[in-house]
Amino acid sequence: MTVQSEPGYADLPALFRRMTGDEKHEWAAASTLDVLWVLYDRVLDVSPDRVDDPDRDRFLLSKGHGPMAYYAVLAAKGFLEPSLLDDWTSWGSPLGQHPDRVLVDGVEIGSGSLGHGLPLAVGTALGLRLQGRSARTVVLVGDAELDEGSNHEAIALAGRFGLDSLTTVVVDNESGTHGWPGGVAARFAVEGWQTSTVDGRDHGALHDAFTQAHPGRPLVVVAKVEGER
């Protein structure tokens, strides 16, 4: 992986390597590393001392079957002790092969069953709107899980409701079986979402995409990452 220059980012590979035993999903996790770093370092309004603040931003990892990058970023940002990485998935460790919201500070949902995160994010964004809160909801999904039917309903509903507090990040490593005519972004655009497609390793491009104005419309950022599934 390419190491960029932000303070703390250079520590991520070493944190990532402390977790062993799930090589099957290693690259699925690595494909999300830059997206996660940019979100937690430069975009999300959340910190270890505000995990219960009702006005915090919410980040939901729908692609929960490859959580190593997520745990590495949470450790780098102080949400969990780096030493916990060494025995992750062992008996008694809070760090499972799917993240658990009741065991890990900063984790908003238990995830890993593909297709659940985006519908949960829509519900979260709607709930915050009804409470009159301006907190942002960001959900990270994989391109293949968009085949799940629950996502089609969630994409349509968010567009109809104009959920501009909602951002979906699709890490597109072309692992989907069927794909989408015109690309992943086209599936969201037809439902009224604002869309951007960027290099999933380019921190500047990711930041610009995440922070663009999109009043009255939910936002999808398609982060293209080649060769890592």
For [X] and [Y], work out which heavy atoms get closest and say how close.
X: L206; Y: A223; answer: CD2-CB, 4.1 Å
X: L166; Y: H214; answer: O-CE1, 4.1 Å
X: P67; Y: G96; answer: CG-O, 3.8 Å
X: G200; Y: D34; answer: O-CB, 3.4 Å
X: A76; Y: W37; answer: CB-CZ3, 4.1 Å
X: L163; Y: A125; answer: CD1-CB, 4.1 Å

[X] side chain to [Y] backbone, donor-acceptor under 3.5 Å:
X: R133; Y: L128; result: no
X: D57; Y: D45; result: yes
X: R56; Y: V51; result: yes
X: Q212; Y: A209; result: yes
X: R217; Y: D164; result: no
X: Q194; Y: A213; result: yes

Taking the inter-plane angle between the rings of Y70 and Y40 on a 0 to 90° scale, is it parallel (under 30°), tilted (30 to 60°) or perpendicular (over 60°)?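 Because their plane-to-plane angle lies in the 30° to 60° range, the rings of Y70 and Y40 count as tilted.
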Test of understanding: clusters of I, L, V, M, F, W, Y form through side-chain heavy atoms closer than 4.5 Å, transitively. Do [X] and [Y] belong to the same one?
X: F59; Y: L103; result: yes
X: L61; Y: V225; result: yes
X: V107; Y: V102; result: yes
X: L36; Y: L85; result: yes

Are the side chains of [Y] and [X] in contact, using a 4.5 Å heavy-atom criterion?
X: V171; Y: L140; value: yes
X: V169; Y: F210; value: yes
X: V170; Y: T168; value: yes
X: N151; Y: P119; value: yes
X: S111; Y: P99; value: yes
X: L39; Y: V35; value: yes
X: L84; Y: P94; value: yes
X: E108; Y: L120; value: no

Please say whether more than 12 non-hydrogen atoms of neighbouring residues, nucleotides or ligands are located less than 6.0 Å from [atom1] in [X].
X: D52; atom1: CG; result: no
X: Q131; atom1: CD; result: yes
X: R101; atom1: CZ; result: no

Whether D41 and K77 form a salt bridge (side-chain N of Lys/Arg under 4.0 Å from carboxylate O of Asp/Glu) is what I want to check.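 Looking at K77 and D41, the cut-off is met.
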Would you please test I109 and R58 for side-chain contact (heavy atoms from CB on, under 4.5 Å) and show each step? CA-CA 10 Å; I109 59 170; R58 271 65 165 184; over 6 Å; no
How far does [atom1] of [X] sit from [atom2] of [Y], to the nearest 0.5 angstrom?
X: T89; Y: Y71; atom1: OG1; atom2: OH; answer: 9.0 Å
X: L80; Y: W88; atom1: CG; atom2: CH2; answer: 12.5 Å
X: S31; Y: R201; atom1: OG; atom2: CZ; answer: 6.5 Å
X: R17; Y: L12; atom1: CZ; atom2: CG; answer: 10.5 Å
X: T197; Y: D172; atom1: OG1; atom2: CG; answer: 8.0 Å
X: R18; Y: D87; atom1: CZ; atom2: CG; answer: 10.0 Å

Pair L146-R187, side-chain contact (heavy atoms from CB on, under 4.5 Å): steps then yes or no: CA-CA 10 Å; L146 291 177; R187 174 68 188 92; 6.0 Å; no
Under the salt bridge (Lys or Arg N to Asp or Glu O under 4.0 Å) rule, collect the residues that match up with E145, sequence neighbours excluded.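 Partners of E145 by the salt bridge (Lys or Arg N to Asp or Glu O under 4.0 Å) criterion come out as none, since no residue qualifies.
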Apply side chain to side chain donor-acceptor pair (under 3.5 Å) to residues T167 and R136 and explain how you reach the verdict. CA-CA 8 Å; T167 297; R136 186 175 188 175; 3.1 Å; yes
